[in-house]
Enquirer: 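The structure under discussion is supplied below as structure tokens; questions concerning it will follow.
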Amino acid sequence: MSVQENAARLFKQVHAEQDRQLRLQAIENPSVFTQLAEQQGYRLDRTNLASAIESLSDEAIAAIWNPGIGPRRHLVRR
């Protein structure tokens, strides 16, 4: 296995862990997350927040928590 393949696999694992952490943080702080989401134009109800979070893309979750950072897909080599 080449160094590039190892680096790509590591990057995917780090990306997945970051996404998991952001979703977990959203569930642990529902009032803060819903306020931030409303500022970004999302309408989330706290009663079904867990299912709403699962329906959002990874980029949307990241953009809600970090509004100054654009979509992260541009970091993935195409």
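All values below were derived from every heavy atom in this structure, side-chain atoms included, with hydrogens, water molecules and symmetry-related copies excluded. Remember, predicted model here, so these are calculated numbers, not experimental data.
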Enquirer: Would you say that L56 contacts I64 through its side chain, given a criterion of any heavy-atom pair below 4.5 Å between the two side chains?
Expert: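 Contact flag for L56/I64 side chains = yes.
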Enquirer: Are V32 and L24 connected into the same hydrophobic cluster when the rule is that any two of I, L, V, M, F, W, Y join if their side-chain heavy atoms are below 4.5 Å apart?
Expert: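 Different clusters.
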Enquirer: Atom CG of N48 and atom CD of E54: how far apart are they, to the nearest 0.5 Å?
Expert: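 Between N48 CG and E54 CD, I get 12.5 Å after rounding to 0.5 Å.
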Enquirer: Taking all atoms of both residues into account, what is the closest heavy-atom pair of I53 and A26, and its distance?
Expert: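 Scanning both residues completely, I find the closest heavy atoms to be CD1-CB, 3.5 Å.
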Enquirer: Heavy atoms, side chains only, cut-off 4.5 Å: are I61 and F33 in contact?
Expert: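 The answer is yes, as the side chains (C-beta and beyond) meet within the 4.5 Å cut-off.
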Enquirer: For A63 and Q40, which heavy atoms make the closest approach, and how far apart are they?
Expert: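 What the structure gives for the nearest pair is O-CD, 4.2 Å.
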Enquirer: At what distance, to the nearest 0.5 angstrom, does CZ of R23 lie from CD of E28?
Expert: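 Spacing of CZ (R23) from CD (E28) equals 14.5 Å.
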Enquirer: Could you measure the distance from the CD atom of Q18 to the CG atom of D58? Nearest 0.5 Å is fine.
Expert: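 So the gap between those two atoms works out to 10.5 Å.
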Enquirer: Are any of the side-chain heavy atoms of L49 and L44 separated by less than 4.5 Å?
Expert: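 Yes. Closest side-chain heavy atoms under 4.5 Å.
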Enquirer: Under 3.5 Å, is there a donor-acceptor pair linking the side chains of Q13 and E17?
Expert: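 Distance-only check fails for Q13 and E17.
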Enquirer: Nearest 0.5 Å, what's the CZ-OG1 distance between R43 and T34?
Expert: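 OG1 of T34 is found 11.5 Å from CZ of R43.
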Enquirer: When you measure from the side chain of E5 to the backbone of S2, do you find a donor-acceptor pair of N or O atoms at a distance under 3.5 Å?
Expert: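 Yes, because the side chain of E5 sits within donor-acceptor range (under 3.5 Å) of the backbone of S2.
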